[in-house]
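Inspection log for the structure reproduced underneath, given as structure tokens.
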Amino acid sequence: MSTTANKEERSLNFLEEIIEADLAAGKYKTIMTRFPPEPNGYLHMGHATSICLNFGLTKKYGGNTNLRFDDTNPVTEDTEYVESIKNDIKWLGFEWANELYASDYFEQLYNMAITLIKKGLAYVDDSSSEAIAEQKGTPTQVGRRNEYADRSIEENLQLFAGMRAGKYKDGEKVLRAKVDMSSPNMLMRDPLLYRIKHAHHHRTGDAWCIYPMYDFAHGQSDSIEKITHSICTLEFVPHRELYDWLIEKLEIYPSHQYEFARRNLTYTVMSKRKLLQLVNEKHVAGWDDPRMPTISGMRRRGYTPESIREFCDRIGIAKRDNVVDISLLEFFVREDLNKRALRRMVVFDPVKVVITNYADADGEEILTSENNPEDPNGGTREIPFSNEIYIEREDFMENPPKKYFRLAPGQMVRLKSAYIIKCEEVIKDAEGNVTELRCTYIPESKSGSDTSGIHVKGTLHWVSVKHAITAEVREYDRLFKVEDPSSEEGDFKDYINPDSLKIVRAAYAEPALKNAHFDERFQFVRKGYFVLDKDSSTSGMVFNKTVGLKDGWKAGK
RNA sequence: UGACCCAUGGUGUAAUGGUAACACUACUGAUUUUGGUUCAGUCAUUUAAGGUUCGAAUCCUUAUGGGUCAACCA
């Protein structure tokens, strides 16, 4: 089956244009990209964009993508994160060519530093970090060099070796590049290349006590791996000048850096620091809390890798700041889930309906219903029907507004895959709460063999009282009350939505749901899409709501 | 007060000097045994002002607005 005929013509994004031009000019035979996470936190939707971009580009144009952990800061990094990151990338559906670590290059990086020293382009500075900051000047004021910049090459070589040998304490000395203290680009004002940290590294252990800074690790690692297109986010634009300077002075493979605007989503935050706060301060249950915009959270929430990939592709890439409406993401999950989710009926807040004319009191029968009307090969399932059923409390109104298609006194509705019923009597308790609805059914209206000739506008989901099983259902709403918590006054946590989690301890479900598997997706008819949560046990099932169905009905409209 | 990046509907992207397109949202209407799905339709003089040109969202100038940069983080 070919879909090329109606495949939408999509224009190239600016990175694809650059790559096609490079390829056309014969600059490269094949391209090489990399995804360079720092193993100090879990991956989130922002990373998903970068993953889809980097892996997507090499998939499209031929080439490979490396997974490279940017592990140059031992105090914040951990192997736990390495494993979660690898797991998330695989789950998204991508394969890296090589699993690499910046720490693999420590020896080479050290030698590159020596090269720079020998060229008179780097020096050891004994100043305190405060002094260095002070001497750097400000964006509007040039910096000035101190006396350490005049050290001889021999002295620098000896001092740098001493740094590596552990002769100095943390912060006592740093290695700096000798560039230009009056550059309008602050990063070019003799940037730090190495700092001393007597810390245990998750991979190199205690082999090193000096670690390269980002600027002296990232570009060099790119070069070592012969990355052709090194793609990063906009805040690294000013780093490009230094990136190129180092490659030029070191005379190594000329990788090139390109920047795109990171993706933001409405009603959430997308920085590792803020997400870490939410976890540490227990505003959420963990990194994989279904309300988190982390890959692991979204996976647990029931998002599919296909829908996330589609979202990243279709949203495109550019260089301007943006906040993508969460409804766009939700559209892509619905689109995907609508095609694959098994339909099941679950009543969250029940009200009992007694069908007074249904056979004798013990009467029941087995009905069948399609698993998915969108999938002709989806098969059917059996649903027990009886004279006592539950319907959703909100599906009944004693005094309905005009155009209310659900149940009301004297009004008729279709029970999905069953019969048409008519509400004859409303039974209430002393407080006036509806406790039971007495209805009659139309025997000739049986689903599939309806000869009643009656047409009703509303169809309700239901479940037989005596056959129902119970399950816990967790419904999620946006984590924040405002579109962009980070740009709001005060602390972003002030805008946390207190009602982002609603738990239904015992929802009533049709028996077919008993065989639910973790890899299955469900649509609870008229409710939304759900997935089994890892908190499920033999004593009870727990379902997470991935996303609700679109609701076209507005009361009082 | 400096340097750099950016500016197209409510949102995200297109239009590569030839008369604003696609998707989402929202709103109409049709279909429907899910108020879902599907289908049809509606919603922008491209931040502003000048300039170049037969012709400008696109090129130039200025203004305005937003973002980034003064971590021994990445």
Side-chain angles (χ1 to χ4, degrees), chain A residues 8-13 17 36-38 40 70-73 75-77 125 127-129 132-134 136-143 170-176 183-187 189 192-197 210-211 213-215 217-218 232 234-241 259 261 263 266 272-273 311 314-332 334-335 338-339 343 345 369-370 373-374 403-406 413-418 420 445 447-448 450 455-461 483 523-528 548-554:
Chain A
E8 185 184 332
E9 276 288 325
R10 223 168 291 167
S11 46
L12 303 178
N13 64 46
E17 281 178 2
E38 184 188 10
N40 68 345
D70 234 331
D71 56 350
T72 57
N73 185 6
V75 301
T76 58
E77 296 153 5
D125 192 331
S127 310
S128 66
S129 68
I132 290 176
E134 193 272 324
K136 240 176 201 173
T138 67
T140 56
Q141 206 171 28
V142 299
D170 286 10
E172 214 174 308
K173 286 181 166 44
V174 291
L175 182 73
R176 299 176 72 176
S183 170
N185 183 348
M186 297 292 293
L187 280 155
R189 322 247 263 225
L192 272 62
L193 266 24
Y194 267 92
R195 77 287 216 193
I196 300 170
K197 274 182 194 281
I210 57 171
Y211 293 93
M213 298 286 290
Y214 167 84
D215 286 304
H218 201 101
C232 60
L234 246 31
E235 67 268 31
F236 290 97
V237 169
H239 292 251
R240 191 176 60 234
E241 192 179 356
E259 312 86 11
R263 311 261 52 146
T266 53
K272 267 194 239 176
R273 203 195 92 246
F311 170 78
R314 297 277 295 276
I315 219 66
I317 218 69
K319 300 185 76 160
R320 58 172 162 169
D321 300 315
N322 59 79
V323 188
V324 183
D325 198 320
I326 189 74
S327 65
L328 204 41
L329 215 204
E330 291 177 342
F331 166 79
F332 289 111
R334 286 198 192 99
E335 182 181 62
N338 180 47
K339 289 179 297 194
R343 313 295 136 121
M345 294 199 283
S369 185
E370 73 280 358
E374 304 297 316
K403 286 212 159 180
Y404 183 79
F405 301 152
R406 283 113 99 144
V413 293
R414 155 79 60 186
L415 293 176
K416 170 74 182 167
S417 298
I420 290 173
S445 67
S447 187
D450 187 348
H455 290 283
V456 293
K457 291 287 259 183
T459 301
L460 307 185
H461 61 282
E483 282 203 351
Q523 184 197 104
F524 292 175
V525 176
R526 301 207 306 135
K527 287 290 191 183
L549 256 27
K550 274 183 69 175
D551 190 359
W553 185 65
K554 305 265 185 298

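Numbered from 1 within each chain, the chains take letters A, B, ... in sequence-line order.
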Does Asp71(A) have any salt bridge (charged side-chain N to carboxylate O under 4.0 Å, His left out) partners at least two apart in sequence or in another chain, and if so, which?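 Partners of Asp71(A) under the salt bridge (charged side-chain N to carboxylate O under 4.0 Å, His left out) test: none.
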
Who pairs with [X] by side-chain hydrogen bond (donor to acceptor under 3.5 Å, both in side chains), at least two apart in sequence or on another chain?
X         : value
Arg526(A) : Asp395(A), His461(A)
Ser417(A) : Ser369(A)
Lys416(A) : Glu370(A)
Ser327(A) : Asp325(A)

Give the dot-bracket string for RNA chain B, reading 5' to 3', where a pair is Watson-Crick or G-U wobble with both distances under 3.5 Å, ( ) marks pairs inside the strand, [ ] marks pairs crossing earlier ones, | marks a partner on another strand, and . marks unpaired. .((((((..((((....[..)))).(((((.......)))))....(((((..]....))))))))))).....

Ring pair (Phe, Tyr, Trp, His ring centres under 6.0 Å) involving Phe331(A) - partner list, sequence neighbours excluded: none

Provide the distance between the two P atoms, one in rU31(B) and one in rU47(B), to the nearest whole Å.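 One P to the other, the span is 42 Å.
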
Under the side-chain contact (heavy atoms from CB on, under 4.5 Å) rule, collect the residues that match up with [X], sequence neighbours excluded.
X         : result
Val75(A)  : Asn73(A), Lys197(A), Ala199(A)
Lys550(A) : Arg334(A)
Val413(A) : Leu407(A), Ile421(A), Leu460(A)

Look at all strands and tell whether Ile420(A) reaches a base, only sugar-phosphate, or nothing, counting heavy atoms closer than 4.0 Å.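 No contact at all - Ile420(A) keeps every heavy atom at 4.0 Å or more from the nucleic acid.
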
Please classify the nucleic acid contact of Val75(A) as base, sugar-phosphate, or nothing, using heavy-atom distances under 4.0 Å.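 Touches nothing.
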
Test log, rule ring pair (Phe, Tyr, Trp, His ring centres under 6.0 Å), inputs His218(A) and Phe236(A): CA-CA 11 Å; His218(A) 201 101; Phe236(A) 290 97; 7.3 Å; no

Every protein N/O within reach of nucleotides 67-71 of chain B N/O, cut-off under 3.5 Å:
none

Closest to side chain of Lys319(A), choosing from rC6(B), rU33(B), rC72(B): rC6(B)

Protein and nucleotides 24-26 of chain B: nitrogen or oxygen contacts under 3.5 angstrom:
none

